[in-house]
**Q** 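Please find one structure pasted underneath; my questions will follow.
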Protein chains: 2
Amino acid sequence: MEDRIVCEKNCNHDENLVCLAKSAMLPDSDVQRLAEMFKILGDPTRIKILHSLTGRELCVCDLAETLGMGQSAISHQLRMLKSYRLVKYRKEGKEVIYSLDDAHILGLLCMGLDHINHQ
Amino acid sequence: MEDRIVCEKNCNHDENLVCLAKSAMLPDSDVQRLAEMFKILGDPTRIKILHSLTGRELCVCDLAETLGMGQSAISHQLRMLKSYRLVKYRKEGKEVIYSLDDAHILGLLCMGLDHINHQ
DNA sequence: CTAACGTATGAATATATATTCATTCGTTTG
DNA sequence: CAAACGAATGAATATATATTCATACGTTAG
């Protein structure tokens, strides 16, 4: 805490970089939403679910089977993905069939793949 | 666990969706790296750091001052960003000055911003 | 109506993560 | 050389998160 005050006084850059940086800061609400969105994508299980649902719709138990995980774990993650509008669902008898809801996210996934491959 | 086996036998879709989905699965290493990358972006502090460093280079204490956080917290996050090659640094006297190292990440950030704004 | 099935959910647990505190390291300056 | 400063780091703490377990819910089939 003290450091910052000391530093602000002592760092004598040509321009007041801190001042510039502060004024260019993203609104906190944007930062928060950005971070939340990336956090959703930052989990292997959710990545697998989203990827499995590209060009396909699958029920919960098929997703569980595909990923080799328990039904409950998948269901919990689907709830999360649902709440962020990344997947949608329709009911068919006892089954609940999920599919992708957001095309943008696919773009982000692809861009991410590009990134990890080209480097 | 049992569920999956039961389900595989009982779900009689036209095609074997699970089989298709399984064969289309991303290699686990890719999934892992993708998730790691997004996880890095999934934190407000790191988003702020990366955004503050766009078009600017800043020393640790300036970042701390800009974000209104302690020097140690910033330093820990910078270590993380460094290890994923998202920021680079140069030393100048006692200061360590950080800047962005990866242009792709900016693309992802922008795409993320687009997404949260257009919806 | 009852049993069986697919799904959802709450509680519990294990694990990961961010921040703070205290300290150390390296450089500079008096 | 000693003091001061910026930065890095390890330990500790608080918090978030993913998965499992047990159970409840809704639908369908017998």
Side-chain angles (χ1 to χ4, degrees), chain A residues 1-13 17-18 31-32 35-36 38-49 57-84 87 89-98, chain B residues 1-13 17-18 31-32 35-36 38-49 57-84 87 89-98:
Chain A
M1 290 299 179
E2 296 285 21
D3 313 339
R4 286 193 278 126
I5 295 162
V6 173
C7 178
E8 195 175 25
K9 285 178 182 166
N10 289 4
C11 286
N12 49 351
H13 297 118
L17 280 177
V18 172
V31 170
Q32 224 60 34
E36 273 180 15
F38 283 124
K39 199 179 295 186
I40 295 289
L41 297 176
D43 176 78
T45 299
R46 290 192 288 270
I47 295 261
K48 286 180 196 163
I49 290 176
E57 56 175 15
L58 292 170
C59 68
V60 177
C61 72
D62 280 350
L63 278 168
E65 168 69 14
T66 302
L67 303 206
M69 294 178 60
Q71 171 267 321
S72 183
I74 301 294
S75 193
H76 279 297
Q77 296 301 347
L78 283 171
R79 190 156 74 101
M80 195 163 215
L81 293 170
K82 221 179 343 181
S83 81
Y84 283 91
V87 300
Y89 65 94
R90 62 186 179 85
K91 298 190 177 180
E92 189 168 296
K94 292 176 284 192
E95 293 181 358
V96 179
I97 301 176
Y98 284 85
Chain B
M1 290 301 180
E2 296 285 19
D3 311 341
R4 286 192 277 125
I5 295 162
V6 172
C7 178
E8 196 176 21
K9 287 179 182 166
N10 290 3
C11 286
N12 50 352
H13 297 118
L17 281 176
V18 172
V31 170
Q32 225 58 36
E36 273 180 15
F38 284 124
K39 199 178 295 185
I40 294 290
L41 297 176
D43 176 80
T45 300
R46 290 192 289 268
I47 295 261
K48 286 180 195 164
I49 291 176
E57 55 175 15
L58 291 169
C59 67
V60 177
C61 72
D62 279 351
L63 278 168
E65 167 70 14
T66 301
L67 304 206
M69 296 178 60
Q71 172 266 321
S72 183
I74 301 294
S75 193
H76 279 296
Q77 296 301 347
L78 284 171
R79 191 156 74 101
M80 193 163 216
L81 292 171
K82 221 180 341 182
S83 79
Y84 283 90
V87 300
Y89 65 94
R90 64 186 178 83
K91 299 190 177 181
E92 190 168 293
K94 291 177 284 191
E95 293 181 359
V96 179
I97 301 177
Y98 283 87

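Naming convention: chains lettered A, B, ... in sequence-line order (proteins, then strands); numbering from 1 in each chain.
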**Q** Kindly point out which of D:dT20, D:dA18, D:dG10 is positioned nearest to the side chain of A:S72?
**A**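 That would be D:dT20.
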**Q** Take atom CG of A:L67 and atom C1' of D:dT19, then tell me their distance rounded to the nearest Å.
**A**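 Atom CG in A:L67 sits about 13 Å away from atom C1' in D:dT19.
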**Q** A side-chain contact here means heavy atoms from C-beta on lying under 4.5 Å apart; do A:C61 and A:E65 qualify?
**A**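 Side chain of A:C61 against side chain of A:E65, heavy atoms only: no contact under 4.5 Å found.
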**Q** If you apply the rule side chain to side chain contact (heavy atoms under 4.5 Å, CB included), what do you find for B:I47 with A:F38, and how did you get there?
**A** CA-CA 10 Å; B:I47 295 261; A:F38 283 124; 4.0 Å; yes
**Q** Apply side chain to side chain contact (heavy atoms under 4.5 Å, CB included) to A:R79 and A:S75, showing your working.
**A** CA-CA 6 Å; A:R79 190 156 74 101; A:S75 193; over 6 Å; no
**Q** What's the CG-P distance between B:L63 and C:dA18, to the nearest Å?
**A**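 It is 16 Å, rounded to the nearest whole Å.
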**Q** Count the heavy atoms belonging to other residues, nucleotides or ligands that lie under 6.0 Å from NZ of B:K82, then report whether that count exceeds 12.
**A**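 Above 12, so yes.
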**Q** Could you pick out which residue, A:G93 or B:L78, lies toward the 5' side of DNA chain D when each is mapped onto its nearest nucleotide?
**A**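 It is B:L78, whose closest nucleotide lies nearer the 5' terminus.
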**Q** Please name the pair of heavy atoms, one in B:V87 and one in B:L78, separated by the smallest distance, quoted to 0.1 Å.
**A**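 Smallest heavy-atom distance, with atoms named: CG2-O, 4.1 Å.
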**Q** In whole angstrom, give the distance that lies between atom NZ of B:K39 and atom P of D:dA16.
**A**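 In whole Å, D:dA16 P and B:K39 NZ are 16 Å from each other.
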**Q** Is the side chain of A:R46 donor-acceptor paired with the backbone N or O of A:K39 at a distance under 3.5 Å, no angle test?
**A**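 A pair under 3.5 Å: yes.
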**Q** Tell me which residues in residues 40-47 of chain A put a heavy atom below 4.0 Å from DNA chain D, sorted by number, or none.
**A**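 Heavy-atom cutoff 4.0 Å gives A:D43, A:T45, A:R46.
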**Q** Starting at CD1 of A:I49 and ending at P of C:dT7, how long is that distance when rounded to a whole Å?
**A**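 Value for this atom pair: 13 Å.
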**Q** Output the rounded distance in Å from CE (B:M69) to P (D:dA7).
**A**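 Distance check: B:M69 CE to D:dA7 P gives 15 Å.
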**Q** Could you tell me how far apart B:Y89 (OH) and D:dA8 (P) are, to the nearest whole angstrom?
**A**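 Atom-to-atom, B:Y89 to D:dA8, this comes out as 8 Å.
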**Q** Map A:M80 and A:E92 onto DNA chain D by nearest heavy atom, then report which one ends up closer to the 5' terminus.
**A**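 Going by which nucleotide is closer to the 5' end, it is A:M80.
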**Q** Measure from the side chain of A:C59, starting at C-beta and using heavy atoms only, and say which of C:dT20, C:dT7, D:dA8 lies closest.
**A**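 Of all the options, the side chain of A:C59 is nearest to C:dT7.
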**Q** Between A:Q71 and C:dA8, does any side-chain N or O lie under 4.0 Å from OP1 or OP2?
**A**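 Answer no for this pair, as no side-chain N or O of A:Q71 is under 4.0 Å from OP1 or OP2.
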**Q** Tell me whether the ring of B:H76 lies stacked over the C:dT19 base, given a 5.5 Å limit on centroids and a 30° limit on the plane angle.
**A**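 It does not: the two rings, one from B:H76 and one from C:dT19, miss the stacking criterion.
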**Q** Quickly work out the A:K91 NZ to C:dT7 P distance and round it to whole Å.
**A**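 Value for this atom pair: 11 Å.
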**Q** Considering only side-chain heavy atoms of A:K82, which listed nucleotide, D:dT28, C:dA8, D:dT19, is closest?
**A**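 Minimum distance to the A:K82 side chain belongs to C:dA8.
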**Q** Whole angstroms only, please: what is the CZ-P distance between B:R90 and D:dA7?
**A**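 One finds 12 Å between P of D:dA7 and CZ of B:R90, rounded.
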**Q** Look at the side chain of A:Q77 and decide which nucleotide, out of C:dT19, C:dT7, D:dT19, has an atom nearest to it.
**A**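 It is D:dT19.
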**Q** Can you measure from CD1 (B:I74) to CD1 (B:I49) and round to the nearest 0.5 angstrom?
**A**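 Answer rounded to 0.5 Å: 4.5 Å.
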**Q** Nearest to the side chain of B:Y98 - D:dT19, D:dA18, D:dA8?
**A**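 In terms of side-chain proximity for B:Y98, the closest of D:dT19, D:dA18, D:dA8 is D:dA8.
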**Q** Quick one: are A:E57 and A:R90 in side-chain contact, heavy atoms under 4.5 Å?
**A**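 Touching, per the 4.5 Å side-chain cut-off.
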**Q** If only side-chain N and O atoms of A:K94 are considered, is one of them under 4.0 Å from the OP1 or OP2 phosphate oxygen of C:dA4?
**A**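 Answer is no, no contact under 4.0 Å.
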